[in-house]
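Note: hydrogens, waters and symmetry copies are ignored here, and every other heavy atom, side chains too, is used. Owing to the predicted nature of the structure, the values given are computational and were not obtained by experimental measurement.
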Amino acid sequence: MSEELNQILRQRQQKAADLTDLGVNIYANDFKPAESVRDLLAMAEEVTDETEPGQGPTYTIAGRIIALRKFGKASFLHIQDESGRIQIYVKRDVVGDDAYAIFKKLDIGDIAGFGGALFRTNKGELTLQADLVKPLTKSLRPLPEKFHGLTDIETRYRQRYLDLIVNPEVRETFRKRVEIIRLIRDFLTNRGFMEVETPMMQAIAGGATAKPFKTHHNALGMDLYLRIAPELYLKRLLIGGFEKVFEINRNFRNEGLSTRHNPEFTMLEFYQAFADYHDLMDLTEEMISWIASEVTGSMVVNYQGAEVDLSPPWKRYTMDEALTEVAGIAAADLADPQRVMALAEKHQIKLETEAGPGKAKTELFELLVEEKLINPTFVTSYPTEVSPLARRNEENPEVTDRFELFITGREIANAFSELNDPVDQKKRLEKQIAERGADEEIFPELDEDFIRALEYGMPPAAGQGIGIDRLVMLLTDSPSIRDVILFPHLRPEKSAGNGSR
RNA sequence: GGGUCGUUAACUCAGUCGGUAGAGUAUCUGCCUUUUAAGCAGAGAGUCGUUGGUUCGAGCCCAACACGACCCA
């Protein structure tokens, strides 16, 4: 359907022209509301059934018309601003014939300002009786239906502005997201952490194992990569003498999309000198349970029908314990590298030829244990083989002083006591690169400057990453990561503009 | 990358066996000064995702493609 043939759009444009003919600026910006809807709702107690319409103090508010019931010579409407919605009563006798003629050209979706006093209707609803009507912005497109609203998922993601206008719970989710991030800042700042910004564009995409996005700097004539992690830069700051640093920002990974993955996602990473991974488990427990109670009012949250208890202390397993207790694998099998490899084969896990028992064990864990960890669970003692940046355990160098945190079967955080031995670090990164084979996820270049920095001496430290999007999903009961990202990635639609699907 | 499901009016959805494209909301017209999913009466509104095929005839059957959702890798 072409634009000019669409009846509704045509009618709206006609009304806009009619308003212009009546001398109305349909995109005026000369009305400053003195109150918000919230301010008016706060007056509720002062307004009784006996309050005479048109009497009492007057207020001015502005917002979008979201419901409209017109009679011949009077109308009721609801407007919505950022703080809420309130009913407005417009009477021709009160505003006058000319203003009422203008008012009658307004539609659901238009933005307007109103002034007047509060009263209560026969049904007791707090209502502003307008003595002033000021059109502010003409809407040329109809809003989605009032009763069923907007439910089409694709339209909700592509036209998030519409989703936000008509679905209050969506606004609430994104308010909570902002609140969660603010609370994280408060929590860490209050503990002496310093928020920093490190490069999003990096010449060598390090700090994680993932495929990067590639871009190009024209003036320097060089390729750059969007970062897959800020880790190696934050560690440079530890070396520089900042002892507690954190960064909340986007990481980019050139991989598939799912309900748990978006190509750009928000990550908190923080590093603390003279701390180890046990300190970070304590801190994480405290931080996430506190945020949950601040945001949801409780440490017990409901996620997609499952009850999740975030009150500390949280369960702590080594990976072997988790495999034994959750997946029922005998401890003796886990102690024997050959039996571990056999178990992996039995579960049809495909491994690279270079992969050893550490990798096999981790794959078994992901397959058999991960999704069963509903309540928060720290899993420690990750194999050194799969942890190239983590410090080896003093008693058992085959594993690292590392943990991952799982809630509702999903990885929420990853942390470790940092490896600060430049010789071991260089060896492990070189080994990873040498063995990468066809694995494009491993960046083929060693970050020599990072090794050089380590050679100056990095204080013993622990560091952690927390996936903010997944944390927000948990605390807002959202089933998909796209529900907590304002503008999630979608393929371009063929033609925007006429609401086509 | 594979599988399943979906795409019909601005929105939410029906559409039987292949035989004239339907409803509610929204919109328009008339009446209506305390309504709130306002009401009553009437009207208009469609490239049935796209392209091809089968057929006398396709929203419906077949194929490819596009976009999306979910599951799997």
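Residues passing the side chain to side chain contact (heavy atoms under 4.5 Å, CB included) test with Arg482(A), sequence neighbours excluded: Tyr157(A), Leu257(A), Ser480(A), Pro488(A). With sequence neighbours excluded, the residues that form a salt bridge (charged side-chain N to carboxylate O under 4.0 Å, His left out) with Lys361(A) are Asp320(A). Tyr303(A) is linked by a ring pair (Phe, Tyr, Trp, His ring centres under 6.0 Å) to nothing, counting only residues two or more places apart in sequence or in another chain. Every side chain to side chain contact (heavy atoms under 4.5 Å, CB included) that Ala44(A) has, sequence neighbours left out, goes to Arg120(A), Leu126(A). For the salt bridge (charged side-chain N to carboxylate O under 4.0 Å, His left out) test, residues two or more places apart in sequence or in another chain that qualify with Glu231(A) are Lys235(A). By the ring pair (Phe, Tyr, Trp, His ring centres under 6.0 Å) test, Tyr59(A) pairs with no residue at all, sequence neighbours left out. For the ring pair (Phe, Tyr, Trp, His ring centres under 6.0 Å) test, residues two or more places apart in sequence or in another chain that qualify with Phe76(A) are Tyr89(A).
Separating the CZ atom of Phe119(A) from the P atom of rU35(B) is a distance of 11 Å, rounded to the nearest angstrom. As a whole-Å value, the separation of Asp152(A) CG from rA9(B) P is 11 Å. Regarding Leu143(A), its CG atom lies at a distance of 15 Å from the C1' atom of rU12(B), rounded to whole Å. The interatomic distance linking Ile88(A) (CD1) with rU34(B) (C1') rounds to 15 Å, in whole Å. Taking atom CG of residue Leu150(A) and atom C1' of nucleotide rC13(B), one finds them 14 Å apart after rounding to whole Å. Distance, Gln7(A) CD to rG46(B) P: 8 Å, rounded to whole Å. One can place CG of Leu9(A) at 13 Å from P of rC28(B), the figure rounded to the nearest angstrom. At whole-Å resolution of the value, CZ in Arg156(A) and P in rC11(B) are 15 Å apart.
Checked by distance alone, Glu125(A) brings no side-chain donor or acceptor within 3.5 Å of a matching partner on the base of rU35(B).
Nucleotides rG53(B) and rA58(B), compared at atom P, are 12 Å apart to the nearest Å. rG30(B) and rC67(B) are spaced 43 Å apart, taking the C1' atom of each and rounding to whole Å. Rounded to a whole angstrom, the distance from the P atom of rU16(B) to that of rC62(B) is 14 Å. rA63(B) and rA26(B) have their C1' atoms separated by 38 Å, with the value rounded to a whole Å. Across rA66(B) and rU47(B), the matching C1' atoms stand 16 Å from one another, rounded to whole Å. As rounded to the nearest Å, rC60(B) and rU7(B) have P atoms that lie 12 Å from one another. Using atom C1' as the reference point in both rU51(B) and rA37(B), the two lie 41 Å apart (nearest Å). Comparing the same atom, C1', in rA14(B) and in rG6(B) gives a spacing of 15 Å after rounding to whole Å.
Neither side chain, Asp163(A) nor Gln159(A), offers a donor N or O lying under 3.5 Å from an acceptor on the other. A donor-acceptor pair shorter than 3.5 Å cannot be found between the side chains of Ser298(A) and Thr296(A). No hydrogens or angles considered: nothing links the side chains of Arg12(A) and Gln7(A) as a donor-acceptor pair under 3.5 Å. With hydrogens and angles left out, the side-chain atoms of Glu255(A) and His261(A) include no donor and acceptor closer than 3.5 Å.
Phosphate contact (OP1/OP2 of rG68(B), side-chain N/O of Arg491(A), threshold under 4.0 Å): present. Note on Lys91(A): every side-chain N or O is 4.0 Å or more away from OP1 and OP2 of rU34(B). Neither OP1 nor OP2 of rA45(B) sits under 4.0 Å from any side-chain N or O of Asn6(A).
If you check rU35(B), rC11(B), rA69(B) against the side chain of Ile153(A), the one that comes closest is rA69(B). Side chain of Glu145(A), nearest nucleotide from rC67(B), rA10(B), rU25(B): rU25(B). Side-chain proximity of Asp93(A) to the nucleotides rU33(B), rG68(B), rU35(B) is greatest for rU33(B). In this structure, of rU36(B), rU34(B), rA69(B), it is rU36(B) that holds the atom nearest to the side chain of His78(A).
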Watson-Crick and G-U pairing of RNA chain B written in dot-bracket, each distance under 3.5 angstrom, with | for inter-strand partners: (((((((..((((.....[..)))).(((((.......))))).....(((((..]....)))))))))))).
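Annotation: Phe416(A) is not in aromatic contact with Tyr382(A) [ring centroid separation under 6.0 Å not met].
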Can you give the donor-acceptor pairs under 3.5 Å from side chains of residues 364-381 of chain A to other protein atoms, not counting sequence neighbours?
from: Asn375(A); atom 1: OD1; to: Asp309(A); atom 2: N; distance (Å): 2.7
from: Thr377(A); atom 1: OG1; to: Asn375(A); atom 2: O; distance (Å): 2.9
from: Thr380(A); atom 1: OG1; to: Tyr317(A); atom 2: O; distance (Å): 3.3

Would you mind writing out the side-chain donor-acceptor pairs for residues 92-103 of chain A within the sub-3.5 Å range, not counting sequence neighbours?
from: Tyr100(A); atom 1: OH; to: Ala74(A); atom 2: N; distance (Å): 2.9
from: Tyr100(A); atom 1: OH; to: Ala74(A); atom 2: O; distance (Å): 3.2
from: Tyr100(A); atom 1: OH; to: Ser75(A); atom 2: OG; distance (Å): 2.9

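Heavy atoms of Thr151(A) sit under 4.0 angstrom from primed sugar atoms or phosphate atoms, though from no base atom. Using a 4.0 Å heavy-atom distance criterion, Leu490(A) is classed as a sugar-phosphate-only contact. Residue Tyr100(A) is out of contact with every strand shown, counting any heavy-atom pair closer than 4.0 Å.
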Protein and nucleotides 70-73 of chain B: nitrogen or oxygen contacts under 3.5 angstrom:
from: rC70(B); atom 1: OP2; to: Arg482(A); atom 2: NH1; distance (Å): 3.4

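Of the residues in residues 55-77 of chain A, those placing a heavy atom less than 4.0 Å from an atom of RNA chain B are Arg69(A), Lys70(A), Phe71(A), Gly72(A), Lys73(A), Ala74(A), Phe76(A), in numerical order.
Residue whose closest nucleotide on RNA chain B sits further toward the 5' end, between Ile108(A) and Tyr89(A): Ile108(A).
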